[in-house]
Amino acid sequence: MTGVVERMLGGEERIAGRLIPDASGRFVWGNGVVTMVFEASADAPVRLVGLSGRGMRQVDANIPGEPDAQPIVELRSSVDGGGDNRLQLAASAAGLKLRFVKAVLVSPPMDESMRSGPNAKPMDALAIVQRDPNGDGPLVISVFKTRTGLSAVRTYTMLHDDDEYPVEAVSSMNVTLPLAAARLDDAQTLIYSGESSWDLENAWSCQPLRSTPLRDRDQQINPGMSSARFARSSSSTWSTGEYQPAGIVEGYSEDAGARPFSFMWQIEHNGAWEWEIGEDDPGIRVSAYGPEYRDHQWFTMLGDGNDFVSVPVSFAICGGDWQRAVAEMTVHRRALRRHHAAIQGRSDVFDDSLLRVVYNDYMNTLWGDPTIEKELPLVEGASKVGADVFCIDAGWYDDEDGGWWDMVGEWQPSCDRFGTMRLAGLIHDIQAHGMIAGLWLEPEVVGVRSPLAKELPDDAFFCRHGRRIADQGRYHLDFRSQAARDHASAAVDRLIDEFGIGYFKFDYNTTPGVGTDVNVDSVGEGLLEHCRAVQDWIDDVRRRHPDVIIENCGSGAMRADYAMLGRLDLQSTSDQADPLVYAAIAAGAGMTVLPEQQGNWGYAQEEMDDETAVFTLTAGILGRLYLSGFINRMDPMRLTLVRDAVTLHRAVLDEQGRLMPWWPYELPGFKDSWLAYGLRHDARISKDLFPDVADIIDDHGHCEYLAVWRRSGVESMYLTLGEGAHITQVFPDPAHPEHAPNAQPWTIEQVDPQTVCLTAANLDVPSARIFAVTYGDDADAAKEAEKA
């Protein structure tokens, strides 16, 4: 296998050095913020025995090490399955046979070295090579990548075998948490996980470890790893259609000698995945996988040139609570986006997409039934409130008044919806109003009644058992097929060239099930290859059209993972049409989606009372205000309120890229009467990454934002904001009560130097407000925020 490792890592020229284990088998790697201590021995696989991040006591090679640290990779095969038949994915027999071969430092390729703004420095890597010393099974390479200043690591696993070898599961991440180093035990942990059903996205919850299946079984009497686990998984291609591919474990204690920390991870894949938390003997392990055989009918046969690379997983670790872990992951997500923009050649235009305000005609408005008579007044209204983009949603291609579902695929404009102006005339009107024209598109499907279904070959579609897979009148394109990719590319190129489209809403309402059995070892392998082909296709589109903004929508937010979001500009967070429910979705969105990518609908209407109009607009202002509603029917007072929302939103956008999600009222509950979500600076992160911002924070010259919703219940909410905090209402603007005369300002009472009490003005209806938060001893700071 001479040269195999070098080839798989990108070539001999990228090998920058080696790490040699010390006399005890230890070697240390990190970036000055994250530090990882590995241990190699002759009788065990490589284990991660120490881990630290920002705000934690830095580990070194001399630490005692976690008492039952697990291997850094799990590997399962049908010829050599589990090392313990009670454990489903842990303690794999093939994984337990692995032994250390070498550890090499890897320099980034040129495309990863391109600078594209803050946090986009080259991604340095460590590759740990292992193999069964008897020569059985594959060569296994565990890759860890990080960037300077980040408290996060991206990791995946590479496999090679000269001979045929069936792999049924391989972990991308298998991390033993540093509980012993933090002076904590297994029971002193909380688990945060998110559910994500349609119209009920971002429903995060927290529970103690001992309230999950990982109950206390008395390890003193019953030693060994438990078969109990806390697990989440996703099937097919709605990667966030049931659960989030992310989670947090927080180690906490009120004991002064403890060192609280939090660990967050995310699986960056637009297809099937699985993660689980298991209890060691003692200790906590977090494992993350892409597809595997038990849950997803996936396996791959190594050999004959078929190497395998698992899906990437990122983790962040830091001292403090779960909110600090979310902040660290937020910084990593921003770096990941800029990294992809650099590879796509979009660095020069990347920031432009962050500042655009989008109007979309769908939600609570046209519902996929556009006509020229309906659209022209909406274009005029969107222009009046200051939108930058006007997106025509579904139906623009439908000549059959309802055939938009099973006739899609050709993406030709309707001949009867837009009169003599045609679609081209409507788009010209949008552009004449100074807005970018956008179109809804679902590029991965073809309706069974579409003429295109007869023109494309069978291998352009997902197939099983010799037949095309159909789902409610639609076929799903297989992007492994050149014909499928060429069709999708031609549609995008034609719409850009013919109409000057500068914005696409890529929707995704049809999934292909477990996969395809065409030219693969398993249906799960076909699905994985397709998902990766979709990523490659998106990268290609972005290279050819770097100025075009692309929204990620998957029947709301059913595919809101960072394989997609790392490549695309913003994310529709839901199809939820009720603003009361949407408030909970928006309040929790910062756990999984960057603030600058959260397309939170604000669908104010003329017939709404003032409080309801303010309520729905509040959902979007701290994310990406995604406007809809019949703006053309609004009187001047309601138009002014929407303009106020856009103006405040632009002020937020100017600073948003350096602000972190913030929940001063703890994790929002989906049924909570009161919800609070904000954006704030993280002084600890800023000192390492944004020194200029850190100076402003030290001088108390910064401003933060907080959205608060009262859906029902008591009249007041108490919030702990920090020492010296000043809070001022900024939406609706108290200086202009005439813009929403029946939405009176809330009462703000400073209870103590850290706590404020907010009291709603009207207890008869739900209401919401946005506040600016400033800090310092000078009470005039609040007035300055109000002026801003």
- Message: Could you work out, with salt bridge (Lys or Arg N to Asp or Glu O under 4.0 Å) as the rule, every residue matching Arg26, not counting sequence neighbours?
- Response: Glu39
- Query: Any side-chain donor-acceptor pair under 3.5 Å between Gln188 and Ser253?
  - Reply: yes
- Taking only residues at least two apart or on different chains, which pairs with a member in residues 225-251 satisfy salt bridge (Lys or Arg N to Asp or Glu O under 4.0 Å)? Arg229-Glu274, Arg229-Glu276
- Item | Minimum heavy-atom distance Tyr165-Gly137, with the two atoms named | CE1-CA, 3.6 Å
- Task: Return the set of residues passing salt bridge (Lys or Arg N to Asp or Glu O under 4.0 Å) with Arg210 (not counting sequence neighbours), or none when no residue passes.
- Result: Glu279
- Under the side-chain contact (heavy atoms from CB on, under 4.5 Å) rule, collect the residues that match up with Gln535, sequence neighbours excluded. His269, Asn270, Arg532, Ala563, Arg567
- Query: Which residues satisfy the side-chain hydrogen bond (donor to acceptor under 3.5 Å, both in side chains) test with Asp43, sequence neighbours excluded?
  - Reply: Ser41
- Item | Set of residues satisfying ring pair (Phe, Tyr, Trp, His ring centres under 6.0 Å) with respect to Trp204, sequence neighbours excluded | none
- Task: State, without any angle test, whether Gln207 and Thr212 hold a side-chain donor-acceptor pair at a distance under 3.5 Å.
- Result: no
- Passing candidate, ring-ring contact (aromatic ring centres under 6.0 Å, His included) with Trp265, options Trp275, Phe315, Tyr562: Trp275
- Message: I need the Asn174 CG to Glu74 CD distance, nearest 0.5 Å.
- Response: 5.0 Å
- Reference residue Arg154; test side-chain hydrogen bond (donor to acceptor under 3.5 Å, both in side chains); the match among His332, His339, Glu268: Glu268
- Sequence neighbours excluded, which residues qualify as ring pair (Phe, Tyr, Trp, His ring centres under 6.0 Å) partners of Phe144? Phe38
- Query: Can you list the residues that meet the side-chain hydrogen bond (donor to acceptor under 3.5 Å, both in side chains) rule with Asn306, with sequence neighbours excluded?
  - Reply: Thr300
- With Phe100, which residues qualify under ring pair (Phe, Tyr, Trp, His ring centres under 6.0 Å), at least two apart? Phe27
- Query: So, Asn31 and Thr146: side-chain donor and acceptor under 3.5 Å apart, yes or no?
  - Reply: yes
- Message: Restricting to side-chain hydrogen bond (donor to acceptor under 3.5 Å, both in side chains), what partner residues turn up for Ser310, sequence neighbours left out?
- Response: Ser172
- Message: Arg294: which residues meet the side-chain hydrogen bond (donor to acceptor under 3.5 Å, both in side chains) condition with it, sequence neighbours left out?
- Response: Gln88
- In chain order, what residues pass the ring pair (Phe, Tyr, Trp, His ring centres under 6.0 Å) check against Trp537, with sequence neighbours excluded? Phe479, Phe506
